[in-house]
**Q** 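My questions will all concern the structure given below.
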Amino acid sequence: MVKKILLVCAAGMSTSLLVTKMEAAAKAKGLDVEISASAGGDLSKEVEDIDILLLGPQISFKKDEYQKKYGDKIPIEVIDPVDYGMMNGEKVLDQALKLIEGK
């Protein structure tokens, strides 16, 4: 089954690079995942079709807001700031998969 991961940041630009790195890590591990990036806003349509929502550290203040709106449907977590800053796609992918398995 394909795991679907959505990353959200302020403009969607830095997460696009992280998406590319996560996809490379998933491919290297032979994992079937779909990873996308968004600038946020109304995610009600996206939430119906994803397994996890990861927030960029720069919008960690929005976690409670997203948790109230979508937390009953999917796990929502802030990406580790160090992994985000280093664009460590493998670690962020591992974080996402662990959270998905825990739901």
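These numbers were taken from a predicted model, which means no experiment stands behind them. Computation of the quantities below employed the complete heavy-atom set of this structure, encompassing side-chain atoms and omitting hydrogens, waters and symmetry-equivalent molecules.
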**Q** Can you give me the closest heavy-atom contact between Val92 and Leu54, atom names plus distance?
**A**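 For Val92 versus Leu54, the nearest heavy atoms are CG1-CD1, 3.9 Å.
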**Q** What distance separates Ser36 OG from Leu7 CG, expressed to the nearest 0.5 Å?
**A**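 Answer rounded to 0.5 Å: 8.0 Å.
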**Q** Starting at CG of Asn88, measure out to CG of Leu93 and round the result to the nearest 0.5 Å.
**A** 10.0 Å
**Q** Which atom pair, heavy atoms only, marks the closest approach of Glu34 to Val2?
**A** CG-CG1, 3.7 Å
**Q** Could you pull out the closest heavy-atom pair between Val19 and Ala37, with the gap in Å?
**A**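 Here Val19 and Ala37 meet closest at CG2-CB, 3.9 Å.
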**Q** Quick check: are there more than 12 heavy atoms from other residues, nucleotides or ligands sitting under 6.0 Å from NZ of Lys27?
**A** no
**Q** Please round to the nearest 0.5 Å and tell me the distance separating atom CG of Asp32 and atom NZ of Lys4.
**A**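 So the CG of Asp32 and the NZ of Lys4 are separated by 10.0 Å.
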**Q** Which heavy atom of Ile59 sits nearest to which heavy atom of Ala10, and what is that distance?
**A**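 Looks like CG2-N, 3.9 Å.
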**Q** Using every non-hydrogen atom in the two residues, find where Gly71 and Ile76 come nearest and quote the distance to one decimal.
**A** N-CD1, 3.7 Å
**Q** Just to verify, what does Glu65 make a side chain to side chain contact (heavy atoms under 4.5 Å, CB included) with, not counting sequence neighbours?
**A** Lys62, Lys69
**Q** Within this structure, what is the CD-CD1 distance for the pair Glu48 and Ile74, rounded to the nearest 0.5 Å?
**A** 9.5 Å
**Q** Where do Lys21 and Glu90 land on the side chain to side chain contact (heavy atoms under 4.5 Å, CB included) test, with the steps shown first?
**A** CA-CA 7 Å; Lys21 298 214 176 218; Glu90 186 174 358; over 6 Å; no
**Q** Give me the atom names and distance for the closest heavy-atom approach of Ile79 to Pro57.
**A** O-CG, 3.5 Å
**Q** Determine yes or no for a side-chain-to-main-chain donor-acceptor pair under 3.5 angstrom, with Glu46 supplying the side chain and Gly40 the backbone.
**A** no
**Q** According to a 4.5 Å side-chain heavy-atom criterion applied to Ile, Leu, Val, Met, Phe, Trp and Tyr, with indirect links allowed, do Met22 and Met86 form part of one hydrophobic cluster?
**A** no
**Q** To the nearest 0.5 Å, tell me how far Thr15 OG1 sits from Leu55 CG.
**A**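 Thr15 atom OG1 to Leu55 atom CG measures 10.5 Å (nearest 0.5 Å).
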**Q** Begin with the C-alpha distance, continue with both residues' side-chain angles, and end with the deciding distance and a verdict on side chain to side chain contact (heavy atoms under 4.5 Å, CB included) for Leu97 and Leu31.
**A** CA-CA 10 Å; Leu97 294 175; Leu31 299 173; 3.6 Å; yes
**Q** Okay, side chain of Tyr70, backbone of Val47: is any donor-acceptor separation there less than 3.5 Å?
**A**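 Judged by distance alone, no pair lies under 3.5 Å.
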**Q** Enter the distance from Gln67:CD to Leu53:CG here, rounded to the nearest 0.5 Å.
**A**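 Going from the CD atom of Gln67 to the CG atom of Leu53 covers 9.5 Å.
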**Q** Is the backbone of Ile5 close enough, under 3.5 Å, to the side chain of Asp51 for a donor and an acceptor to pair up by distance?
**A** no
